[in-house]
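Working notes, structure below.
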Amino acid sequence: MGNVAVIGAQWGDEGKGKVVDWLASRADIVVRFQGGHNAGHTLVVGNETYKLSLLPSGLVRGKLGIIGNGVVIDPEALLAEIERVRAQGLRVDPETLRIAENAVLILPVHSALDRAREDARGDRRIGTTGRGIGPAYEDKVARRAIRICDLAEPETIADKLDELLLHHNTLLRGLGAATFSKQELYDRLLAIAPKILPFAEPVWERLDEARRAGKRILFEGAQAVMLDVDHGTYPFVTSSNTVAATAASGSGTGPSSIGTVLGIAKAYTTRVGAGPFPTELHDDIGKQLGERGHEFGTVTGRRRRCGWFNAAMVRQAVKVGGIHGLALTKLDVLDGFPELHICTGYMIDGKAFRHLPAGQAAQAAAQPVYEVMEGWQGSCRGARSWAALPAQAIKYVRRIEELVEAPVTLVSTSPERDDTILVRDPFEG
Ligand code: GDP
Ligand code: IMO
Ligand code: MG
């Protein structure tokens with residue numbers, strides 16, 4: 001019995017939270033391995049809605065949650081999130097949540113720099129979540145980051161703050177933003193240390209033991225392949241690798257532990273921030289998709305940009321992300337549209353492309369090539385079996401399978417946990 005990794009196959013918000021929550025009933029441990037509180041994963045269970053940013057979605061099922069070393073952690077945001085979900089009745093304590101001792105911290109300087117840089121970019125802004133994700137990952141590779149384990153070493157924190165503030169205050173000053181005092185940051189870190197340290201451990205050891213004991217591990221991705229810092233629509237991306245391979249390096253386990261990779265894709269496309277979006281719709285159909293799909297960012301509250309399903313893009317995500325099977329979500333949102341368009345490739349300056357080239361100008365110029373399909377009467381909403389779907393909806397799913405070159409192994413038909421059609425259990429390989 002293998003493990004499963006869940007990753008986004010578009011630009012995020014595909015419904016990873018719902019799918020992870022659903023699959024978590026079959027898992028023993030749920031692990032976050034990259035990203036930070038830029039993620040917003042929504043789980044609807046009966047009358048309760050959980051919005052998780054840093055906490056692994058498996059906690060809602062009472063499963064052990066692990067935050068791996070690849071995640072960047074804003075400790076104050078984490079503590080606030082823990083309080084919020086505890087108030088909803090979830091149990092979060094050092095028995096249900098473990099955090100990698102070598103994970104990097106997001107500090108207030110990082111979010112300040114993130115926002116100051118976005119302001120300075122003006123029209124060229126990326127549309128980041130402003131939560132300091134990019135600057136924190138920059139500090140990690142620059143070898144000046146403060147990590148969870150440093151919270152137990154006040155002297156290490158003091159030393160690192162000197163180097164960190166030399167760098168960040170210089171930048172903040174240059175951008176005309178307020179600078180930070182070492183004492184303030186030091187005091188804030190020491191104040192939260194006793195609240196965070198009980199969760200910290202070398203999670204790689206626990207994962208190694210779990211693997212040897214035959215436990216099932218579910219790796220929960222954040223963001224998506226088209227936001228991957230290498231493979232996405234650079235520079236309009238996040239600052240981590242979001243592909244399935246990161247599940248290994250971002251949690252301290254080998255690539256063979258990842259198991260089956262499930263890519264999540266909406267039956268149409270959305271994007272929150274700026275950047276190229278070849279199938280974007282600026283018309284009434286785009287507006288209808290947004291309204292019916294409730295396409296407002298969980299983290300930013302911003303209206304998500306909406307457009308047709310882009311099979312060329314998801315096919316690219318399948319290949320670079322290592323996706324074995326696809327979970328197609330929000331099929332119900334397409335109910336009643338007379339016609340549906342699917343992008344199969346692009347035209348750029350009169351030349352045909354099967355996949356998006358890497359160049360920024362080329363990506364911005366990409367025009368979608370569409371195939372048009374008849375929509376369906378009747379409703380997919382709440383369907384829990386293949387037989388409950390309109391025949392034309394099944395045809396749409398089948399056509400997507402052909403075009404993206406991966407099987408659809410799961411279909412989601414409403415936000416509710418159990419409104420899900422399982423075609424093939426990813427834990428069975
Ligand atoms: P994530 O970031 O990938 O976890 O996705 P988000 O939670 O940010 O956004 C997905 C939104 O769609 C959430 O509000 C979900 O409750 C909702 N959702 C998930 N699956 C379905 C579905 O099959 N149908 C509908 N209508 N909504 C869904
Ligand atoms: P989940 O896990 C959608 C986008 C931002 C911006 C870009 C960079 O809920 O799918 P960042 O703050 O990461 O530096 O912003 O990435 N972005 C997301 N879009 N869903 C997310 O997460 C996202 N996390 C980041 O909007 O365009
Ligand atoms: Mg989201």
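We count ligands from 1, going down the list as the structure has it; atoms in each ligand are counted the same way. For this chain, numbers begin at 1 and follow the sequence in order. What's counted below: heavy atoms across the whole structure, side chains too, no hydrogens, waters or symmetry copies.
In H41, the part holding a heavy atom less than 4.0 Å from any atom of ligand 2 is the side chain. Residue contacts with ligand 1, taken as heavy atom pairs separated by less than 4.0 Å, involve T413 solely via the backbone atoms N, CA, C and O. Residue contacts with ligand 1 for D332 involve side-chain atoms from C-beta outward but no N, CA, C or O (heavy atoms, distance under 4.0 Å). Using a 4.0 Å cut-off between heavy atoms, P415 contacts ligand 1 through both its backbone and its side chain. Of the heavy atoms in F236, none comes closer than 4.0 Å to ligand 2.
For a threshold of 3.5 Å applied to N or O pairs, the pair formed by D114 and ligand 2 contains no separation below that value. Considering both main-chain and side-chain atoms, T129 comes within under 3.5 Å of ligand 2 through a nitrogen or oxygen pair. Inclusion of G15 in the set of residues having an N or O under 3.5 Å from an N or O of ligand 1 is warranted. On a distance-only criterion, G17 and ligand 1 share at least one N/O pair closer than 3.5 Å. Of the polar atoms of A39, none of the N or O atoms is found under 3.5 Å from an N or O of ligand 2, judged by distance alone. Annotation: G40 places an N or O atom under 3.5 Å from an N or O atom of ligand 2; distance criterion only. Here's the thing with D13: one of its N/O atoms is less than 3.5 angstrom from an N/O atom of ligand 2. Where the criterion is an N or O separation shorter than 3.5 Å, residue side chain and backbone included, K18 fails it with respect to ligand 1.
In this structure, H41 has no ring-ring contact (aromatic ring centres under 6.0 Å, His included) partners at least two apart in sequence or on a different chain. In terms of the salt bridge (charged side-chain N to carboxylate O under 4.0 Å, His left out) criterion, residue partners of E280 (sequence neighbours excluded) are, by chain and number, R305. Every side-chain contact (heavy atoms from CB on, under 4.5 Å) that A27 has, sequence neighbours left out, goes to L218, F427.
Scanning all protein heavy atoms for the shortest distance to atom 13 (C) of ligand 1 gives T42 CB, 3.7 Å. Ranking the protein heavy atoms by distance from atom 27 (O) of ligand 2 puts G273 CA, 3.3 Å first. Nearest protein neighbour of atom 15 (O) of ligand 2, counting heavy atoms only, is T128 CA, 3.3 Å. At the shortest separation from atom 23 (C) of ligand 2 among protein heavy atoms lies Q223 CG, 3.7 Å. When hydrogens are left out, the protein atom nearest atom 8 (O) of ligand 1 is G40 O, 2.8 Å; that is the closest non-hydrogen contact. In terms of protein heavy atoms, atom 20 (N) of ligand 1 is closest to S412 OG, 3.4 Å. Given atom 10 (O) of ligand 2, the protein heavy atom at minimum distance is K16 NZ, 2.7 Å.
Residue contact annotation: R381 has a non-hydrogen atom under 4.0 Å from ligand 1. Taking a 4.0 Å cut-off on heavy atoms, S414 registers as neighbouring ligand 1. By the 4.0 Å heavy-atom criterion, R304 is counted among the residues contacting ligand 1.
No cation-pi contact links R32 to F219, judged by a cut-off of 6.0 Å to the six-membered ring centre and 45° from its axis. For the pair R384 and W386, the cation-pi test (distance below 6.0 Å, angle within 45°) is failed.
Of the options R292, K266, K330, E220, the smallest heavy-atom separation from atom 17 (C) of ligand 1 is shown by K330. Looking at T238, N38, L227, it is L227 that brings a heavy atom closest to atom 17 (N) of ligand 2.
Those atoms of ligand 2 that come under 4.0 Å of a heavy atom in V237, given as number and element, are 7 (C), 8 (C). Of all atoms in ligand 2, numbered sequentially from 1 with element shown, those under 4.0 Å from a heavy atom of A222 are 2 (O). Every atom of ligand 2 is numbered from 1 in the order shown, and the set under 4.0 Å from a heavy atom of W11 is 3 (C), 19 (N). Residue G127 approaches ligand 2 through these ligand atoms, each under 4.0 Å from one of its heavy atoms: 5 (C), 6 (C), 26 (O), 27 (O).
The minimum heavy-atom distance between V203 and I99, with the atom names listed, is CG1-C, 3.7 Å.
Side-chain contact check for S414 and K330: no donor-acceptor pair (N or O, by modelled atom type) lies under 3.5 Å.
Around the Mg ion (ligand 3), the protein contributes the following N, O or S atoms at distances under 2.8 Å: D13 OD1, G40 O.
Aromatic pair W376/F337: centroids not less than 6.0 angstrom apart.
Ionic pairing of E118 and R115 is not present here: no N-O contact between side-chain nitrogen and carboxylate oxygen is shorter than 4.0 angstrom.
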